[in-house]
There are 2 protein chains.
Amino acid sequence: MTTTPETPSAAQTTAPKYVYLFGGGHADGSAEMRNLLGGKGAGLAEMTNLGVPVPPGFTITTEVCTAFYQHGRQYPSGLEEQVREGVRFVEKQVDRRFGDPERPLLVSVRSGARVSMPGMMDTVLNLGLNDEVAAGLARESGDERFAYDSYRRFVSMYGDVVLGLKGEGKEADPFEAILEAKKKSLGVELDTELPPSALKELVAEFKAEIWKRKEVRFPEDPWQQLWGAVGAVFGSWENPRAVTYRRMYEIPNDWGTAVTVQAMVFGNLGDDCATGVGFTRDPSTGAKRFYGEYLVNAQGEDVVAGIRTPQPVTKEAKNDAGHISLEEAMPGAFADLTRVYQSLENHYRDMQDIEFTIQKGKLWLLQTRAGKRTAKAMVKVAVDLLREGAISTEEAIMRIEPDKLDELLHPTFDKSAAKDVIAVGLPASPGAAVGKVVFSAEDAVRRADTGEQCVLVRIETSPEDIHGMKAAAGILTARGGMTSHAAVVARGMGRCCVAGCGALQVDYAAGLLTVQVDGREVIVREGDTISIDGSTGEVMLGSVPVAPGQLDEDFDTLMSWVDAVRRLKVRTNADTPNDAAVGRKFGAEGIGLCRTEHMFFDPDRILTVREMILAEDETGRREALAKILPMQRSDFEGIFRAMDGLPVTIRLLDPPLHEFLPHTEEEIEEVARDLGISATDVIQHRQAREEFNPMLGHRGCRLGVTYPEIYETQVRAIMEAACNLAHEGVKVFPEIMIPIVGVEEELKRMRDLTVDAAEAVIAERGSRVEYSVGTMIELPRACIIADDIARHADFFSFGTNDLTQTTYGISRDDSSHFLPSYIDKGVIDVDPFVKLDQEGVGELMRIGVAKGRSVQPNLKIGICGEHGGEPSSVEFCHREGLNYVSCSPYRVPIARVAAAQAVLRDKVEASRRSE
Amino acid sequence: MTTTPETPSAAQTTAPKYVYLFGGGHADGSAEMRNLLGGKGAGLAEMTNLGVPVPPGFTITTEVCTAFYQHGRQYPSGLEEQVREGVRFVEKQVDRRFGDPERPLLVSVRSGARVSMPGMMDTVLNLGLNDEVAAGLARESGDERFAYDSYRRFVSMYGDVVLGLKGEGKEADPFEAILEAKKKSLGVELDTELPPSALKELVAEFKAEIWKRKEVRFPEDPWQQLWGAVGAVFGSWENPRAVTYRRMYEIPNDWGTAVTVQAMVFGNLGDDCATGVGFTRDPSTGAKRFYGEYLVNAQGEDVVAGIRTPQPVTKEAKNDAGHISLEEAMPGAFADLTRVYQSLENHYRDMQDIEFTIQKGKLWLLQTRAGKRTAKAMVKVAVDLLREGAISTEEAIMRIEPDKLDELLHPTFDKSAAKDVIAVGLPASPGAAVGKVVFSAEDAVRRADTGEQCVLVRIETSPEDIHGMKAAAGILTARGGMTSHAAVVARGMGRCCVAGCGALQVDYAAGLLTVQVDGREVIVREGDTISIDGSTGEVMLGSVPVAPGQLDEDFDTLMSWVDAVRRLKVRTNADTPNDAAVGRKFGAEGIGLCRTEHMFFDPDRILTVREMILAEDETGRREALAKILPMQRSDFEGIFRAMDGLPVTIRLLDPPLHEFLPHTEEEIEEVARDLGISATDVIQHRQAREEFNPMLGHRGCRLGVTYPEIYETQVRAIMEAACNLAHEGVKVFPEIMIPIVGVEEELKRMRDLTVDAAEAVIAERGSRVEYSVGTMIELPRACIIADDIARHADFFSFGTNDLTQTTYGISRDDSSHFLPSYIDKGVIDVDPFVKLDQEGVGELMRIGVAKGRSVQPNLKIGICGEHGGEPSSVEFCHREGLNYVSCSPYRVPIARVAAAQAVLRDKVEASRRSE
């Protein structure tokens, strides 16, 4: 696990600076050195320089961590001497000596990465104790209980963190077991009731247990303890939970952690001592008031452990008459704390999360960092700080985590509510839904009609389920990834969705789902209530309380600043007037993708669509299409009306036709009866059209080329709708988009067809409607020959879902078979269907943009894949000179913020380069 | 259809040269001007310059054709005057005048493109006749019958070609109908029996018919006739059969045709006249002897029309005592012909196809061009001409059409045999097969075991059919394209295959197939005999006679020259020792792709493979793999032995595992019984693994990453086999190839895994075997990040099948739904799965090569997709600096020739540039 440092060599005098000291009003480091010293180390250094009372100490840099892992867990030479000097510095500052029983120096050893990874890595407190030192500490403090309580805590912490002593399998923590046995034998309930003698015995018993289990002796030498702890903290950078955390938050492995060694101060030395944590503003609402908790006569870990109930720091926050606030209990220390937290917030110009200890009435700060906050608080704090003159508009914008805005837009579960999680799937579309389980779209519609809330559970969804998805409060699928049909459609509707929840065994026939939870089988039947969290992927039994999403004035204010800064336009993907209206409400400047196929699945018209597909020849197809035309026209009228004054990009039919054909025997019979043909005919037709890989099949413009009458009808419906509305005075800007173009001639023909059909309508109606004709760029070949394609396109729209599929050769619907394990194993960092792969897919996009603009320098280029609402992808689009991004309605605000941040990052980059 | 030329303008004096004269021993043009004058015009010019007797004339250039189409079928200004000058020149040469009844000049107007398009475009003979001129010609020739026979031929030809008068629908040719009626009314059988008066009447009746049907008057003015004919010939460039022909042979549309106007000579002026065609060598065998036919007292069209039986030109060729050879009938003209044809062959240094007319004993040449020939003749002529000193080795190599070699390697149908074609599919794997229809692999094996030849008919094949495909003489499928499973496997085996024959309705249950032929339903039952032609795609009822393929000494000689020239190595794709041996026999220099999955389908081991897949966990999988290991090892031993001394690239398992699972209820039951699990388990397992788009699914190295034990076992089998054989003294060079890499980390891990497993075997065996580890480049992303990938690869092999699929977003198995109609409609010129798409897929390959070599300058790069045996794709690979191509065994000779030709084209290109 760990190694002792190399013997100092002659080279040590020239060794780089590995250790940064702080204490006595001066620190080697500062807040800017967060990459080198970690967040904690940089914060302690900065506070020291600010004159805030901080126990002295030193920080071993993240570079040591990196070197440690690069050289087979060996420390760089020169480190040992620098650490010794560091300890000497601390000894001098506090006038105590490490390992000296007379006036012993105890230290804490803590991790600290560039970004906070709360609870992920290890900490050792009270280091420096051994039998002799503990006896000395008892003498010096006159508090034997304090000394041996610290000692037993240290030994168990050291045994756990450094020596790796943990319970095997389901066995309880061995130290905890010994402690429990001790309490039982003495007939006491609380740790605090144990007499010093018992604590002393515990120390010996802990040490014996370590020997028994690990065959190592607990080190009595404080220096050996120190190196052991330092090694363990560095080692904890690679512990499984830290690795998982980094993967989840995309923190690079090579950043490493720093280690801070700091003189202990004690909040457990009596009733004039305390320990606490606090936020300089309310992290939940953002309100400008201190929000904190503390415990009298305790060490930091007690606050977290929850054995005693912490008390509020401020009088204002008291909600229980029995509480005593710090403000009341220690007014002097509280005044110090107020001064300090205000100066820290002023200094950092952001809400701070602080840790403090009061030792014998004196306040010590142990940590400061930007406080984690809810989305609501994030917005309010940013807006308030700007109004207070603390930060600029640009800083306020940069303070927003775009993804977090989701919380404001969707309902969320009450975070404090109890929940019985039975499975976790992919958080496919945010929000919270509670409802009765149904297993078919029809049941969802039926229940919704009677006013019941329901959750539609499907193995996977298909376009035929759309009406059921609309009717349901939430959608849960057992298969499919973040861009599966269920996920894409749900996001579009703003409907909560958990997808690809592989643990679920869905049995449609029996009307139930089964899931194994910790070895027990849980069965959920139709009509049972469940709750699903589209932001976490959790599936819970029963009804969990929900809080609605809400946008406030602060949000509007912030977004107005955002819009003034960004250059990239933001559109929405919307297939219905309702989606369009929602997108517009969230600030969409047009529709970037209106899919026409979902309109085909409407129960009122699917039969006509099937009639068209099953027709023997073009004449038969045209007859059916003539019936579809007025329906499509009214669809488009609704959408154009909702987007009055804004452009609407409509994609002509994309999916392979067999997707529209019936699947079940019952449906087949029904269709055959309705169309007056035999079921065998229907089946044969379907078999003839079946495809091995429909994603790579007869779809997109390939349909338009082989059945031009379909696209002609769609164009006619679009243009008739446009002319009708133009006549009413509505401003319409239809942009007709041809999908799946891979060959120049495809677009050339489809453009000609579109223009012919559109001009015919214009000539008939006599009203001049401006329209344009463009194409999706969603195949690698389209990127490669984008110059040829640009000759026939008024605009490009990157379809990054399909482009990612073909570039990687990964079907998004099948990716759940291996992508999750790829991410687990670290083969890839992030699902490329969620975050645009800038290296591969992005490079093809760069080629596409460059080639397209080489022919048409002002070519309008957008993106309409799912990535259009993902912040890093939006930034990429900005950087590559795209004109707009388009995303599902509920991601529009996120894209707007990301687009503004991209501009601001550009500015920073430019000013850095000009320096 | 046609237009009159513009009025000459002031600009005409500066007009470019549109008209090239020939006659009187001198021509403006020459053989080098084929692009400008067309093959025919260039040949006539060249012959004129050579002093060969050629009737004088002139050629209107292909540039006029191009301009004609570019400017809405208008001729360029200046053309009319140049044509007039041309006619004046011809008049002077033959001392006759166009339109002059006294000594009338008649001309022929013929098409002539750069490359011969036999019968595709139009010709008008005897132009210049009207009532007055015909009467004059009768007087002058003293042969009224000749004059009016020529006239009626001209009117009907002009009516057809220029005025577009043809029978409607199924109606017979209207001129033919009038002619038949005339003969009937006169009670005669043959055209030649019609008296001059009847011929005269026919002329009038033809003209009346033209007026009746087209409401245009037959033009009496010879100049109007001439422009009409010229326009019609230019117009015929765009007639549907010419367009189809160009598409078939990939002749660019913008090449255009030239038009040659030439003085008529008459083979029908009496018994001292004749017309004939001939080849300077035997076009069937290549033997050095003149091969021709002629007719006394006839015009050229009579030879083709087949009304009279042509006679052999040479005495030697007589095979019927009744025949009189030209050699005997007209010894003087024959001597002239012999002199001329020899001088033409010497001049062109290639076998010539000539047309000649003898008018009153004088020989006239009307055409010379390189003669079409069989593959056997192609090789023999090239080798003979070199031996005769006529051409160089390089020229001999360039004379080979690589694709044509297929004829030599596979059996072919007797071209003269009658055949009852009931359907045409894709010519997926060349060869000829005759056998009894079977509908299952099992039946194929059973019949083969009893010594019967059979043709395996499947809707589509799957890897489970392999043993049946091996047993069958040929394979016929109703679905799938040129690179479908059936096609790929059949080519690998050298088994004849017709794929994607969509007209077939296959009914497995009833054991029959149905096909509509001209409205009648043909039913073929199991056991009926059919013949399939893998080179044309034809499916025929009954048994068509077959000639075996054969390689001769000339072939070996030629290939030895080829091998001395080429730089690109040629390997074979082979999965079995037998395939490997065939490839090696055909000159393969190693195996470029050995697929391991086909070994998994062997009936002896599929159960163990299924056991592995159905195992609950890694332990279960390893148990099954331990049983597979010795089987795979012995596979590899066989292959290594066959390739002693040559490298063998083995691809680790590629297809998704569900492909190996049973499909039918019966099989599922069997597997469940054999493995002692429930059928439900098997079905659930299969469902859990099912994929929407298996091509983009859990396959290739994705299997290796998730189930490392599978790849480990395969590497172990390879290395144990290699060590065993090395011990025997066999030289083994295993190259282990990781498929479907798209992410750097995938290859890094799989390489580590491979090296670890390989080194473990080497350590165990103590024998040092050199091996290398490389990757397929078959995803667009792999090309884009080829630099990163190259850091972990000893070699790249482009898998252009998959790369084409992902670049285009087209599944090759589904492409038959629309690619054929794409080609029909001219959206694309050629199936990209057959011929590498250099613009799109090729550009990605260029990026891959450049990036790969930027990291490893000497990186070995090959190609192992189906394109590796397609000549233009091989040339591309040469040009892009690849090290080798790999193709199915039977395409190895083709690839070798193509690789040599690529070098020679480079040389020509280089010397052109240095000029």
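Keep in mind it's a predicted model, so treat the numbers as computed, not measured. Chain identifiers are assigned alphabetically (A, B, ...) following the order of the sequence lines, protein sequences preceding nucleic acid strands; residue numbering begins at 1 within each chain.
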For the interface with chain B, which of [options] has the highest count of heavy-atom pairs at distances below 4.5 Å?
{"options": "A:Gln505, A:Arg702, A:Glu745", "result": "A:Arg702"}
{"options": "A:Gln684, A:Gln805, A:Glu746, A:Lys748", "result": "A:Glu746"}
{"options": "A:Ile828, A:Thr706, A:Val705, A:Leu844", "result": "A:Val705"}

(message) Using side-chain heavy atoms (C-beta onward) and a distance below 4.5 Å, is B:Val841 in contact with B:Tyr808?
(response) yes

(request) Could you check if a side-chain atom of A:Val682 sits within less than 4.5 angstrom of a side-chain atom of A:Leu614, using non-hydrogen atoms only? (result) yes

What residue in [options] has the most heavy-atom pairs under 4.5 Å with chain A?
{"options": "B:Asp788, B:Leu703, B:Ile810", "result": "B:Ile810"}
{"options": "B:Glu839, B:Glu843, B:Arg689, B:Arg699", "result": "B:Glu839"}
{"options": "B:Gly826, B:Gly742, B:Ala782", "result": "B:Gly826"}

Segment of [X] engaging chain A (4.5 angstrom heavy-atom cut-off):
{"X": "B:Ala688", "result": "backbone"}
{"X": "B:Ile785", "result": "side chain"}
{"X": "B:Ile784", "result": "side chain"}
{"X": "B:Asp802", "result": "neither"}
{"X": "B:Glu778", "result": "neither"}
{"X": "B:Leu779", "result": "both"}
{"X": "B:Thr807", "result": "both"}
{"X": "B:Ile847", "result": "side chain"}
{"X": "B:Val827", "result": "both"}

Do the side chain of [X] and the main chain of [Y] share a donor and acceptor less than 3.5 angstrom apart?
{"X": "A:Thr800", "Y": "A:Leu803", "value": "no"}
{"X": "B:Asp507", "Y": "B:Leu513", "value": "no"}
{"X": "A:Tyr711", "Y": "A:Leu653", "value": "yes"}
{"X": "A:Asn693", "Y": "A:Met695", "value": "no"}
{"X": "A:Thr477", "Y": "A:Gly500", "value": "yes"}
{"X": "A:His792", "Y": "A:Ala790", "value": "no"}

(message) For B:Glu691 and B:His698, which I'm curious about, is there any donor-acceptor pair between the side chains at under 3.5 Å?
(response) no

(message) Can you tell whether the side chains of B:Arg479 and B:Asp814 come within less than 4.0 Å, N to carboxylate O?
(response) no

